[in-house]
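Scope of the values below: all heavy atoms of this structure, side chains included, with no hydrogens, waters or symmetry mates.
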Amino acid sequence: MSAVSPTITQSSTSELLPSIGSELLRAESLFCERDERVLFEGLNFSINAGEIIQVEGPNGSGKTTLLRIMSGLSAAYEGELFWKGELISSARIEFLSNLLYLGHKPGVKAILTPVENLRALMGIRQSVTDEQIHSALEKVGLYGYEDVPCHNLSAGQHRRVALARLYLSTDELWILDEAFTAIDKKGVKDLEALLQERAQQGGAVLLTTHHELQIESGFKKLQLGKPVSNESLARNEELVAEEVDTEAMVSRGGMR
Amino acid sequence: MRASADIATAPSVIHIFITVLKRDLTLAYRRRQDLVNPMIFFIIVVSLFPLGVSPEKSFLQEAGAGVVWVAALLATLLSLDSLFKSDFEDGSLEQIVLTPQPLFIMVLAKISAHWLVTGVPLIILSPILGVMMHLEFETIKVLMLTLLLGTPVLSLVGAIGAALTVGLRVGGVLISLLILPLYIPVLIFGTGTVQAAANMLPIGGYIALMGAIFALSLTMSPLAAAAALRISLSN
């Protein structure tokens, strides 16, 4: 009980998330090659709390590959990844506990109902109650479809089942790959608002989409498939550069 | 409030095991026509054998246990391809791999579900087929015992092959090639036990060995399958 009482004061959601601006995930000199074609090399960037980073680039420029690497799914890269300044291989559990990855394939089973899907998807990460699941489904506009098998839903509704996880998630970093595919205009608006609100609370989002996002604060773009000297990337690198210096010193100090 | 909420948000290992098991059993129930396949195969192979080779009572008593065991092995092999396949195709596997919880627990849950829906029906069917092969009542009991110890091994070891080949388009053939050599000891000891029982020889040693094989595969193969899954997903 004594462990519980001092924390009662820290009940607001912002306390759960890191303070805005603190570094979450950093990539250093990432290099990736697919079928003897270099997708990116010398890629440096970091994702800080409160930021929404959109990875842009033409089809086949390696957006999904980058997101799979950043989420720790793919090991087909060279370079280093750091979670809050610690090498990702040694901070793996800490990293995965704070990551929500929503891939191209949403992980929604066609023969399960939305409720069963969410229960299975969330049940292996965090404890959620049925009320929470129902309210999340209501928020993504699936009220009344809770117990319909997903193969009877439209493609957009199918995707919405997976997106309902965002409303349940307490994770610090969201990695969303083509999350807006098949979602209607109003749905995209709602999601933009959700991402915006999330970023203001101190969460961070790394996403790819072909939609033009209407997000004002903390929004950055990362261009793939173009020369690295691209303006938007340079802006990112500038921001990173200051932090990298201090961090690099620390890690070098640790090496000695 | 925070501390208690934190405790509540991190589910226990047992909770995760049950969540995955429940999900896989629900999936199996919704696709029950797929489950009948291995069972039908099992019955057909065993019942065709007397027709194709010899319906002689002495011959069937001699070969019966072996036939039931080979059919059970092939029926399990037939069902292995789908163990991780659908989860891989719809992205669920990525979600399972990206949880902070130990992956082998979830793999073990999936294997348990697989055994419950393929191994257990084979054990339940085996006495009927044993009677068909003119096996003695005592021998049938031993046959069921060996299947009870052996079919979990088939599912456990098979999961390694299924995990390694899940990303490949021609996984089915490769699983057989990878896994069959590992199935041989189970087959030899399984049929050996039943033969020994039929010849009134002590079977304690055989059963102990089968138990050892079961214990080894129960402890090692979820770890191996989990590692194989990470490799399959990482390219």
Between [X] (side chain only) and [Y] (backbone N and O only), is there a donor and an acceptor less than 3.5 Å apart?
X: B/Ser232; Y: B/Ala163; answer: yes
X: A/His134; Y: A/Asp130; answer: yes
X: A/Asn98; Y: A/Glu94; answer: yes
X: A/Glu146; Y: A/Gly144; answer: yes

Item checked: Residue-level interface, residues 114-124 of chain A with chain B, non-hydrogen cut-off under 4.5 Å -> A/Glu116, A/Arg119, A/Ala120, A/Leu121, A/Gly123, A/Ile124
Next item on the list: Find the distance between CG (B/Leu122) and CZ (B/Phe42) and round it off to the nearest 0.5 Å.
Entry: 5.0 Å
Notebook entry, point to check: Can you tell if the side chain of A/Leu163 reaches within under 4.5 Å of the side chain of A/Phe180, non-hydrogen atoms only?
Noted result: no
Next item on the list: With the side chain counted from C-beta on, respond yes when A/Val55 and A/Phe45 share a heavy-atom pair under 4.5 Å apart, and no when they do not.
Entry: no
Item checked: A/Ala136 to A/Ala164 - nearest heavy-atom pair and separation -> CB-O, 3.8 Å
Item checked: Top contributor to chain A contacts, counting heavy-atom pairs under 4.5 Å, from B/Arg31, B/Arg30, B/His15 -> B/Arg30
Next item on the list: Mind ranking B/Thr19, B/Thr26, B/Leu27 by heavy-atom pairs under 4.5 Å with chain A and telling me who comes out on top?
Entry: B/Leu27
Notebook entry, point to check: Among residues 84-106 of chain B, which residues come closer than 4.5 Å to chain A, judged by heavy atom distances?
Noted result: B/Ser86, B/Asp87, B/Phe88, B/Glu89, B/Asp90, B/Gly91, B/Ser92, B/Glu94, B/Gln95, B/Ile96, B/Val97, B/Leu98, B/Thr99, B/Pro100, B/Gln101, B/Met106
Note to self: Other residues, nucleotides and ligands only: do more than 12 of their heavy atoms fall within 6.0 Å of OH on B/Tyr29?
What the structure shows: no
Note to self: Within the supplied structure, the quantity of interest is the number of heavy atoms (other residues, nucleotides, ligands) at a distance under 6.0 Å from B/Lys22 NZ; does it exceed 12?
What the structure shows: no
